[in-house]
Amino acid sequence: MQMMLSLSGIALIGAALTAFLRPVSPALAIFVSLTCSLVLLYCVLDPLGETFTAMSDMMASAGLDGEIYFPVIKAVGIATVVRIVANLCRDAGQSALGAKLEFAGAIASIAVCVPLMEQVFQLMGLILQT
C-alpha cells in the first residue's frame, strides 16, 4: 500500500511537470514523462523479482516446469511494455506510431505463446487417445 502511494505521488508529480512544460518545451515534457516512467518501472523491479521467485517455487513444488508459465509471463511483459511505450508515443503526438506498436505487440504476444499452445494441443491429443 505504501509503495503504491509513493508511486502514485511520483506519477502525479511527473504528470504535473509534463503538463507545465508541454507548452514551453514539448521535447523536455516528453523527457520528463519518460524519466518518470523509468523511475516507476525501476521501483517495481524488486517486487517483480519476488513474484517470479514465488511463482517458480510454487511451480517447482507442484512438479511443473517453467515452460507452462514462461509464455504467459512473456506475453504480460510484452503487453505492459507496449502499453507504456504506446502511451509515450501518443504523448509525443505520434498516435499512429503507438497504434502500430500495439499491433506489433499483439503479434509478438501470440508468437511467444506458440509453445504453450503446442503443449495444450499435445495434452488434448493424449486425453483424446485414452
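Atoms considered below: every heavy atom in the structure, side chains included; atoms not considered: hydrogens, waters and symmetry mates. Note that the structure is predicted; figures quoted are calculated from it, not measured. We number each residue from 1, following the sequence as shown.
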Hey, could you give me the CD/CG distance between Q94 and L101, rounded to the nearest 0.5 Å? 12.5 Å

Would you tabulate the side-chain donor-acceptor contacts of residues 75-92 under 3.5 Å, counting partners in other chains and residues two or more places apart, or write 'none'?
residue: T80; atom: OG1; partner: V76; partner atom: O; Å: 2.8
residue: N87; atom: OD1; partner: R90; partner atom: NH1; Å: 3.4
residue: N87; atom: ND2; partner: R83; partner atom: O; Å: 3.3
residue: R90; atom: NH1; partner: E102; partner atom: OE2; Å: 3.3
residue: R90; atom: NH2; partner: E102; partner atom: OE1; Å: 2.9
residue: R90; atom: NH2; partner: E102; partner atom: OE2; Å: 3.1

Can you list everything that forms a side chain to side chain contact (heavy atoms under 4.5 Å, CB included) with L40? Sequence neighbours excluded, please. L7, I10, A11

T51: partners by side chain to side chain donor-acceptor pair (under 3.5 Å), with sequence neighbours left out: none

Listed by chain and number, what are the side chain to side chain contact (heavy atoms under 4.5 Å, CB included) partners of L28, not counting sequence neighbours? L21, S25, F31

With a 3.5 Å distance limit and no angle check, can you tell me whether S56 reaches the backbone of F52 through a side-chain donor-acceptor pair? yes

Hydrophobic cluster membership, with links at side-chain heavy-atom distances under 4.5 Å among I/L/V/M/F/W/Y: are V39 and L5 in one? no

Residue list, side chain to side chain contact (heavy atoms under 4.5 Å, CB included) with Y42, at least two apart or on another chain: L45

Scan residues 1-10 for pairs that pass side-chain hydrogen bond (donor to acceptor under 3.5 Å, both in side chains), counting only residues two or more places apart or in two chains. none

Listed by chain and number, what are the side chain to side chain contact (heavy atoms under 4.5 Å, CB included) partners of L38, not counting sequence neighbours? L34

Hydrophobic cluster (4.5 angstrom, side-chain heavy atoms) - remaining members for F103: I107

Look up atom OG1 in T18 and atom CD1 in I13, then write down how far apart they are to the nearest 0.5 Å. 11.5 Å

Give the table of side-chain donor-acceptor pairs shorter than 3.5 Å for residues 108-125, with sequence neighbours excluded, one pair per line with atom names and distance.
residue: S109; atom: OG; partner: G105; partner atom: O; Å: 3.0
residue: Q119; atom: NE2; partner: E67; partner atom: OE1; Å: 2.8

With a cutoff of under 4.5 Å between side-chain heavy atoms, which Ile, Leu, Val, Met, Phe, Trp and Tyr residues group with M1? none

